[in-house]
Number of protein chains: 2
Amino acid sequence: MKSSPGDGRRPQRADARDNRDRLLQAARAEFDEQGPHASLNKIAQRAGVGPGTLYRHFPNVHALLVAIIGGDVEVLCAQGRELLEHPSPDEALRIWLRAIARHATAMRGLVATEMIAQPTTETSTALAACHQAIHATGTALLGRAQHHGNAPAQLDIADLLMLTNAIAWASEQTPADAGLLDRLLALINTGVPYPHHHESRK
Amino acid sequence: MKSSPGDGRRPQRADARDNRDRLLQAARAEFDEQGPHASLNKIAQRAGVGPGTLYRHFPNVHALLVAIIGGDVEVLCAQGRELLEHPSPDEALRIWLRAIARHATAMRGLVATEMIAQPTTETSTALAACHQAIHATGTALLGRAQHHGNAPAQLDIADLLMLTNAIAWASEQTPADAGLLDRLLALINTGVPYPHHHESRK
DNA sequence: CTAGAGTACGGAGAACTTCTCCGCTTATCA
DNA sequence: TGATAAGCGGAGAAGTTCTCCGTACTCTAG
């Protein structure tokens with residue numbers, strides 16, 4: 001199978017590249033305003049191109065979303081690498097997870113679904129790369145927190161990322177409650193005490 | 001505004017009641033098979049009625065979902081009341097939250113969105129009732145766990161329910177990983193150790 | 001600067017979706 | 001048994017995603 005033009009590869013012709021950039025910009029704006037149910041037709045219209053052009057550049061919504069979040073993933077991973085120098089490994093992990101959650105929230109759940117979804121399905125290579133990058137960065141941060149911090153050894157980064165995205169999703173569902181994201185993140189940090197705890201609080 | 005027939009009120013005529021029941025059954029089956037994107041047309045077809053009939057009984061997808069989950073909420077709350085007699089208040093809370101999560105997962109996220117969403121918007125009274133029932137049962141269970149168990153006093157039941165549903169949502173997104181739901185639930189029970197913990201594990 | 005090759009455009013439209021309207025049917029009750 | 005109102009369901013409006021293909025433009029070679 002030959003590579004399709006929507007796979008993240010940039011086209012050669014200048015007008016095509018312009019259109020692609022304008023589409024991405026329009027899509028970002030439209031998703032921002034309309035939420036996940038933004039119409040692709042409207043995105044094309046906003047970018048000043050026909051629907052056909054949109055679908056040649058991005059074969060489906062999936063490809064469009066992956067293209068949008070690709071850059072963000074880059075930024076998040078860079079931030080994660082910086083956080084490896086943070087004095088507190090635990091705090092570093094916490095900060096990074098919060099950054100991911102905030103980003104996912106800003107993207108209105110699109111990211112949550114796309115970024116963490118298991119790469120076993122026939123997702124694009126671009127998505128797999130995003131997934132891989134986040135996963136690798138998280139592994140590094142978690143590993144440090146496990147060796148030099150208080151993170152439990154059996155903790156799995158995939159689960160942790162999943163949980164973080166779930167929280168981001170939840171906080172999107174209730175945009176009225178601005179503090180929800182941080183409250184839930186704090187909740188998973190402290191945890192709901194397990195019945196098998198040995199100390200009693202009374 | 002007079003009460004619409006889709007509000008959960010059962011119609012008087014026998015044929016209408018039959019149709020309503022068959023629609024609910026068909027909807028449940030269709031959502032089970034097709035997931036959240038099931039076509040309402042197909043549901044009507046499956047029930048052997050026209051689309052008009054479906055939309056007279058349930059003005060929109062929302063109403064249909066609320067009708068479907070209404071009965072389940074009843075069951076969950078009954079189970080919650082039984083759990084108030086459970087010897088371990090903490091364990092009781094844990095079991096109930098797991099039941100909610102499993103139910104939400106079975107309903108493929110429909111419930112998650114509908115049941116927990118803030119009732120400030122113009123949701124139907126039936127949905128508000130569901131929300132209220134779950135909330136009340138949760139408050140009772142959490143209260144007991146706070147007074148006689150290890151649950152922290154500042155813990156909010158709304159947050160806890162939200163988190164539980166978020167986890168249910170996440171585990172639907174990755175149906176391939178059957179153990180995910182329980183792993184994530186366990187994760188919020190133990191919690192990711194906070195950097196301000198006083199004891200070190202070394 | 002020009003011409004040819006081939007890339008990219010964008011509208012028309014196919015195949016779906018949700019949801020509405022309204023003439024006809026049929027259950028109910030006196 | 002009729003009168004009456006409640007209920008039915010298909011046609012279709014308005015929206016969506018996505019495809020096809022004739023036209024127009026950009027790029028490169030000469």
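This is a predicted model, so every value here is computed, not measured. Here is the naming used below: chain letters follow the sequence lines, and residue numbers restart at 1 for every chain.
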Practice problem: List the steps and the verdict of side-chain contact (heavy atoms from CB on, under 4.5 Å) for A:Arg183 and A:Asp177. | Solution: CA-CA 10 Å; A:Arg183 286 209 313 281; A:Asp177 189 347; 2.9 Å; yes
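- Nucleotide C:dT17 holds its P atom 16 Å from the CG atom of B:Leu64, rounded to whole Å.
- The phosphate of C:dT18 (OP1 or OP2) has no side-chain N or O of B:Asn60 nearer than 4.0 angstrom.
- For B:Leu54 and C:dC19, the CG to P distance is 10 Å, given to the nearest whole Å.
- As rounded to whole Å, 14 Å separates atom P of C:dT7 from atom NE2 of A:His57.
- Atom pair A:Tyr55:OH and C:dA15:C1' shows a separation of 13 Å (rounding to whole Å applied).
- Residue pairs that meet the salt bridge (charged side-chain N to carboxylate O under 4.0 Å, His left out) test with at least one member in residues 38-51 of chain B, sequence neighbours left out, are B:Glu30-B:Arg46, B:Glu33-B:Arg46.
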List every contact pair, protein side and nucleotides 22-29 of chain C side both N or O, where the distance is under 3.5 Å.
{"residue": "C:dA27", "atom": "O4'", "partner": "B:Arg13", "partner atom": "NH2", "Å": "3.3"}
{"residue": "C:dT28", "atom": "OP1", "partner": "B:Ala14", "partner atom": "N", "Å": "3.1"}

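- The outermost nucleotides of DNA chain D lying under 4.0 Å from heavy atoms of chain B, listed 5' to 3', are D:dA6 to D:dG10.
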Practice problem: Begin from the C-alpha positions of A:Phe58 and A:Leu40 and carry the test side-chain contact (heavy atoms from CB on, under 4.5 Å) through to its verdict. | Solution: CA-CA 11 Å; A:Phe58 310 99; A:Leu40 298 199; over 6 Å; no
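- Counting heavy atoms from C-beta outward, B:Arg22 and B:Asp18 have side chains that approach closer than 4.5 Å.
- Between A:Arg22 atom CZ and C:dA8 atom P there is a gap of 15 Å when expressed in whole angstrom units.
- Taken to the nearest 0.5 Å, the CG atom of A:Leu142 stands 5.0 Å off from the CD1 atom of A:Ile157.
- Among residues at least two apart or in separate chains, there is no side-chain hydrogen bond (donor to acceptor under 3.5 Å, both in side chains) pair with a member in residues 73-83 of chain B.
- Checked options B:Asn165, B:Asn189, B:Leu160; the residue passing with B:Leu97 is B:Leu160 (criterion: side-chain contact (heavy atoms from CB on, under 4.5 Å)).
- Between A:Phe58 atom CZ and C:dG10 atom P the separation is 14 Å, expressed in whole Å.
- Residue contacts shown for B:Ser39 are limited to sugar-phosphate atoms, with no base heavy atom under 4.0 Å away.
- Atoms CG and CZ, on A:Leu83 and A:Arg94 in that order, are 11.5 Å from each other to the nearest 0.5 Å.
- Contacts of residues 40-50 of chain B with DNA chain D (heavy atom under 4.0 Å): B:Val49, B:Gly50.
- A:Asp15 meets the side chain to side chain contact (heavy atoms under 4.5 Å, CB included) test with A:Arg13; sequence neighbours excluded.
- In this structure, B:Ile43 CD1 and B:Leu54 CG are separated by 6.5 Å, a value rounded to the nearest 0.5 Å.
- The distance from atom CD1 of A:Ile95 to atom OG of A:Ser88, rounded to the nearest 0.5 Å, is 8.0 Å.
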